[in-house]
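First up is the structure itself, then whatever we jot down about it.
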2 protein chains.
Amino acid sequence: MSHSCQQHKQQIEEALDIATRICEQHGARLTDVRKRVFELIWVSDQPAKAYGLLTELQKNDPSAKPPTIYRALDFLLELGLIHKLHRLNAYVRCTHPEEKKPCFFLICTNCQVVTESHDQAYKKLIAKISKSRDFKLHATTFEMEGLCQQCV
Amino acid sequence: MSHSCQQHKQQIEEALDIATRICEQHGARLTDVRKRVFELIWVSDQPAKAYGLLTELQKNDPSAKPPTIYRALDFLLELGLIHKLHRLNAYVRCTHPEEKKPCFFLICTNCQVVTESHDQAYKKLIAKISKSRDFKLHATTFEMEGLCQQCV
DNA sequence: TTAATGAATGTTATATTATAACAAAACAAA
DNA sequence: TTTGTTTTGTTATAATATAACATTCATTAA
């Protein structure tokens, strides 16, 4: 971490505030498990795996089981508070939950670093495709795998 | 099927010819298992699942096991002869293996129909992103999930 | 033709990811 | 407080995928 613990803590607090607000807006409840999973994903440097999260959960709540974690993940995904990386079967925080910007990911197969990214042209592309094909879009996945700048 | 068996057979033959040519170009061998898996995916109306393909394989070759199918799938994916739908964990034929056009998929969550599609703007977007981020691209996934025209 | 090499396949075992189904508890709201 | 709905608990199992090592096959150089 390049920043202090204090800064770090503030960032999480802020993310939780935003998440709470988004839940309220949707009449959804950010229960304890859901909040805990959100936090775990949020503080993770790497994309988090479902069973890794489960192991973490179980430290506080030994009764946690696979459905516990998958339900929480589904909930957070549906609200756009996290993203699933389908090529990795892993989960990452959303850097912009309030804006609902469509985003995509660059996945380096060498150093494993994953970068969330945005582009106006991507947003336009999605809109164009949906419209031209009369497609009622619910979710998109756009992931690019290869070698990052460092690893080329 | 809206077309005759004869037409159908010709299409598969042609696809196999193209696949064979592409393999030759890459110094790769289209062995029996690989060819069989390619055919099975090719003739499937729906995206094919790995273990479904395995079951088919085993009808001719009882010794086939999970690695058999996953190795063949990896081979075909690497050459761009098939695509993997990461949101569905399923495999579909590539409609344009020679052109290497980047393609994406529209997945209807109601009728399950999956449509492969292309767009010049998508190609440009990928090029732009890769270039601007110095990213050496190896593979992309772009899948849009929602309701198709029929199901809205 | 044969020996050597690397590629592909066979085989066993197991890891990883995810969901079905139903019961119990917590919550909302009438 | 009853009633209906959402959430969680729990057990079991389904579905997807890979590791590791042995064997066979194909290619080519000697």
Side-chain angles (χ1 to χ4, degrees), chain A residues 19-20 23-24 26-38 40-41 46-58 60-79 81-92 109 112 139 141 143 145, chain B residues 19-20 23-24 26-38 40-41 46-58 60-79 81-92 109 112 139 141 143 145:
Chain A
T20 304
C23 284
E24 280 168 1
H26 289 80
R29 286 158 53 201
L30 192 58
T31 61
D32 284 350
V33 204
R34 291 165 175 176
K35 187 188 285 188
R36 185 83 189 101
V37 173
F38 179 78
L40 286 171
I41 291 173
Q46 292 92 31
K49 309 285 283 180
Y51 275 72
L53 292 166
L54 179 55
T55 303
E56 287 306 308
L57 261 196
Q58 287 172 332
N60 295 319
D61 174 6
S63 81
K65 304 211 171 46
T68 313
I69 194 76
Y70 281 105
R71 284 164 179 162
L73 290 171
D74 287 345
F75 174 86
L76 298 169
L77 284 169
E78 200 53 44
L79 284 178
L81 298 173
I82 62 171
H83 297 295
K84 176 171 184 177
L85 300 172
H86 286 267
R87 291 186 82 100
L88 303 181
N89 293 322
Y91 305 83
V92 293
T109 50
Q112 324 299 333
T141 293
E143 300 170 15
E145 227 174 64
Chain B
T20 304
C23 285
E24 281 168 0
H26 288 81
R29 286 160 51 202
L30 191 60
T31 61
D32 284 350
V33 203
R34 291 165 175 175
K35 186 187 286 190
R36 185 85 188 99
V37 173
F38 179 78
L40 287 170
I41 291 174
Q46 292 92 30
K49 310 287 281 181
Y51 276 72
L53 292 166
L54 179 55
T55 302
E56 288 305 309
L57 261 196
Q58 287 172 333
N60 294 318
D61 173 7
S63 81
K65 304 213 171 44
T68 313
I69 195 75
Y70 281 105
R71 284 164 177 162
L73 290 171
D74 286 346
F75 175 87
L76 297 169
L77 284 169
E78 200 53 45
L79 284 179
L81 298 174
I82 62 171
H83 298 295
K84 175 171 184 178
L85 300 172
H86 286 267
R87 290 187 84 99
L88 304 181
N89 293 322
Y91 304 83
V92 292
T109 51
Q112 324 300 332
T141 292
E143 299 170 14
E145 226 174 67

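Protein chains get the first letters and strands the later ones, always in sequence-line order, with residue 1 at the start of each. Bear in mind that the values here come from a model prediction, so they are computed numbers and not experimental data. Hydrogens, waters and symmetry mates are skipped; everything else that's a heavy atom, side chains included, is used.
- You'll find the side chain of T55(A) stays beyond 4.5 Å of the side chain of Y51(A), heavy atoms only.
- You'll find a donor-acceptor pair under 3.5 Å spanning the side chain of Y51(B) and the base of dA17(D), going by distance alone.
- Under 4.0 angstrom from either OP1 or OP2 of dT9(C) there lies no side-chain N or O belonging to S63(B).
- Nearest-nucleotide positions on DNA chain C place P66(B) closer to the 5' end than the other of P66(B) and D74(A).
- Picking from dT10(D), dA18(C), dT11(C) the nucleotide with the shortest atom distance to the side chain of P67(A) gives dT10(D).
- Side-chain N/O atoms of R34(A) include one lying less than 4.0 angstrom from OP1 or OP2 on dT7(D).
- Contacts of R71(A) with the nucleic acid, taken as non-hydrogen atoms under 4.0 Å apart, include base atoms.
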request  = Quick one: do L73(B) and L53(B) satisfy side chain to side chain contact (heavy atoms under 4.5 Å, CB included)? Show the steps, please.
outcome  = CA-CA 10 Å; L73(B) 290 171; L53(B) 292 166; 4.0 Å; yes
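- Summarising the geometry, the separation between CG on L88(A) and P on dT16(D) is reported as 18 Å, rounded to the nearest angstrom.
- Distance CG (L30(A)) to P (dT7(D)): 11 Å, rounded to an integer number of Å.
- Side-chain contact between R36(B) and D32(B) is absent, with no heavy-atom pair separated by less than 4.5 Å.
- For dA18(C), the OP1/OP2 oxygens have a side-chain nitrogen or oxygen of K84(A) closer than 4.0 Å.
- For R29(B) and dT28(D), the CZ to P distance is 10 Å, given to the nearest whole Å.
- Taking CG of L76(B) as the start and CG of L30(B) as the end, the distance is 7.5 Å to the nearest 0.5 Å.
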task = With side chain to side chain contact (heavy atoms under 4.5 Å, CB included) as the test, would you mind laying out the steps for E145(B) and R87(B) before giving the verdict?
result = CA-CA 9 Å; E145(B) 226 174 67; R87(B) 290 187 84 99; 3.0 Å; yes
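- Dashed line: the shortest gap from a side-chain N or O of K49(B) to OP1 or OP2 of dT16(D) is under 4.0 Å.
- The phosphate of dT11(C) (OP1 or OP2) has a side-chain N or O of K65(B) nearer than 4.0 angstrom.
- Within 4.0 Å of F75(A), counting heavy atoms only, lies no atom of the nucleic acid at all.
- One interatomic measurement links the two molecules: NE2 of H86(A) to C1' of dA18(C), which rounds to 13 Å at whole-angstrom precision.
- Which of dT9(C), dT8(D), dA7(C) sits closest to the side chain of V33(A) comes down to dT8(D).
- In this structure, Q58(B) atom CD and dG10(C) atom C1' are separated by 13 Å, rounded to whole Å.
- The phosphate of dT17(C) has neither OP1 nor OP2 within less than 4.0 Å of any side-chain N or O from N89(B).
- Between the CD1 atom in I69(B) and the NZ atom in K49(B) there is a gap of 13.0 Å [rounded to 0.5 Å].
- Rounded to whole Å, atom P of dT9(C) lies 9 Å from atom CG of D32(B).
- Atoms CG (L79(A)) and P (dT7(D)) sit 10 Å apart, rounded to a whole Å.
- One can place CD1 of I69(B) at 15 Å from C1' of dT18(D), the figure rounded to the nearest angstrom.
- For dT16(C), the OP1/OP2 oxygens have no side-chain nitrogen or oxygen of Y70(A) closer than 4.0 Å.
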